[in-house]
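For the single chain, residues carry numbers from 1 onward in sequence order.
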Amino acid sequence: MIDGVINIECPFVDAHCILTNRLNDIYRNALITAVNKKLEAVYNKDPLTGLYNRVAYTQMVIPKFKDYCKENIVCAITFLDVDNFKDINDTCGHHKGDEILVNIARILDTIKPEDGIAYRFGGDEFVVFFPNATEKVVNEFKDKVEIAMREQNIQLSVGCIITDPCSGKS
């Protein structure tokens with residue numbers, strides 16, 4: 001003790017500072033990660049329907065498709081387009097058009113094959129991509145879509161292609 005003051009170097013203070021700084025870093029990184037996940041969702045998801053959007057389609061399907069081709073897995077890509085959508089918006093209003101798009105998205109997301117992914121490709125266009133496709137699976141999916149849309153009084157044009165992994169075509 002010098003002049004009534006304890007002059008001891010305290011390792012506790014250094015450890016406390018290091019620990020506090022490290023916890024702050026962990027907290028900041030957790031916040032940044034959470035914000036990045038939210039931004040990614042905003043970037044990759046259609047705000048109206050909640051489905052993945054065209055950007056996500058490009059980022060997700062192309063790499064998956066290449067992997068499936070390497071594994072010799074047959075895939076299906078189904079394109080769906082609402083018939084006369086402009087007329088619906090013009091005569092019934094955009095609110096009705098939005099309701100139809102949301103309804104289609106819900107239906108597609110519900111009836112797509114288990115390992116399939118539904119996308120809102122743009123405007124009134126949708127894409128459903130799924131691996132392990134056969135003629136039977138594709139026809140069952142198309143039939144379910146047609147029945148569900150007929151029940152909702154929605155007319156869609158539907159096209160589907162089944163890939164041939166050995167063709168080398170993208």
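Under the 4.5 Å side-chain contact rule for hydrophobic residues, Val61 and Ile73 share a cluster. Cluster annotation: Ile104 is connected to Ile111 through the hydrophobic network of ILVMFWY side chains, with a link wherever side-chain heavy atoms come within less than 4.5 Å. Under the 4.5 Å side-chain heavy-atom criterion for ILVMFWY residues, a single connected hydrophobic cluster contains both Val128 and Ile162. At a threshold of 4.5 Å between side-chain heavy atoms, the hydrophobic network of Ile, Leu, Val, Met, Phe, Trp and Tyr places Phe130 and Ile62 in two separate groups.
Counted within 6.0 Å of CD on Glu40, heavy atoms from surrounding residues, nucleotides or ligands total 12 or fewer; the atom is thus considered open. Summarising the local packing, OH of Tyr68 is surrounded by more than 12 heavy atoms from other residues, nucleotides or ligands at distances under 6.0 Å. Taking a 6.0 Å sphere around CG of Asn153, one finds it holds 12 or fewer heavy atoms contributed by other residues, nucleotides or ligands.
Of all non-hydrogen atoms in Thr49 and Asp46, the two that sit nearest each other are OG1-OD2, 2.6 Å. Looking at every heavy atom in both residues, Tyr119 comes nearest to Met60 through OH-CB, 3.7 Å. Heavy atoms only, all atoms of each residue included: Leu51 and Ala105 are closest at CD1-CB, 3.5 Å. In terms of heavy atoms, Lys142 sits closest to Cys160 at CD-CB, 4.1 Å. When all heavy atoms are compared, the tightest approach of Val82 to Ile88 is CG1-CD1, 4.3 Å.
Contact annotation: the side chain of Tyr57 never approaches that of Tyr52 to less than 4.5 Å [non-hydrogen atoms, C-beta and beyond]. Looking at Val137 and Asn132, their side chains never come closer than 4.5 Å, going by heavy atoms from C-beta outward. Two residues are said to be in side-chain contact when any heavy atoms from C-beta on lie closer than 4.5 Å; Lys96 and Asn89 fail this criterion. Side-chain contact between Phe126 and Phe79 is absent, with no heavy-atom pair separated by less than 4.5 Å. Here the side chains of Val55 and Tyr43 are in contact, with some heavy-atom distance below 4.5 Å. Looking only at side-chain heavy atoms (C-beta outward), Phe141 and Pro113 come within less than 4.5 Å of each other. No side-chain heavy atom of Asp81 sits under 4.5 Å from any side-chain heavy atom of Leu156. No side-chain heavy atom of Val127 sits less than 4.5 Å from a side-chain heavy atom of Thr78.
One distance of note links CG of Asn36 with CG of Leu31; it measures 11.0 Å at 0.5 Å rounding. The line from CD of Glu125 to CG of Leu101 is 11.0 Å long, rounded to the nearest 0.5 Å. For the atom pair SG of Cys92 and CD1 of Ile100, the computed distance is 7.0 Å after rounding to the nearest 0.5 Å. Annotation: the span from Asn84 atom CG to Gln155 atom CD amounts to 7.0 Å, rounded to 0.5 Å. Note that CD1 of Ile117 is 13.5 Å distant from CG of Leu108, once rounded to the nearest 0.5 Å. The OG1 atom of Thr33 sits 7.0 Å away from atom NZ of Lys37, with the distance rounded to the nearest 0.5 Å.
Using modelled atom types, one side-chain atom of Asn21 and one backbone atom of Cys17 make a donor-acceptor pair closer than 3.5 Å.
Using bins of under 30°, 30° to 60° and over 60° for the plane-to-plane angle, the ring pair Phe129/Phe65 lands in the perpendicular bin.
Under the salt bridge (charged side-chain N to carboxylate O under 4.0 Å, His left out) criterion, Glu140 pairs with Lys136, sequence neighbours left out. By the ring-ring contact (aromatic ring centres under 6.0 Å, His included) test, Phe85 pairs with no residue at all, sequence neighbours left out.
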Stepwise side-chain contact (heavy atoms from CB on, under 4.5 Å) check, Asn53 with Lys45: CA-CA 5 Å; Asn53 61 23; Lys45 294 273 184 140; 5.7 Å; no
Derivation of the salt bridge (charged side-chain N to carboxylate O under 4.0 Å, His left out) call for Asp67 and Lys64: CA-CA 5 Å; Asp67 291 341; Lys64 283 185 178 188; over 6 Å; no
Criterion side-chain contact (heavy atoms from CB on, under 4.5 Å) on Val145 and Leu80, from CA distance to verdict: CA-CA 10 Å; Val145 168; Leu80 306 101; 3.7 Å; yes
CA sep, side-chain torsions, deciding dist, call: Ile147, Lys144, side-chain contact (heavy atoms from CB on, under 4.5 Å): CA-CA 5 Å; Ile147 291 167; Lys144 287 178 184 178; 5.9 Å; no
Test side-chain contact (heavy atoms from CB on, under 4.5 Å) applied to Thr134 and Val138, step by step: CA-CA 6 Å; Thr134 63; Val138 169; over 6 Å; no
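A salt bridge does not link Arg106 with Asp109: every distance from a Lys NZ or Arg NE/NH1/NH2 to an Asp or Glu carboxylate oxygen is 4.0 Å or more.
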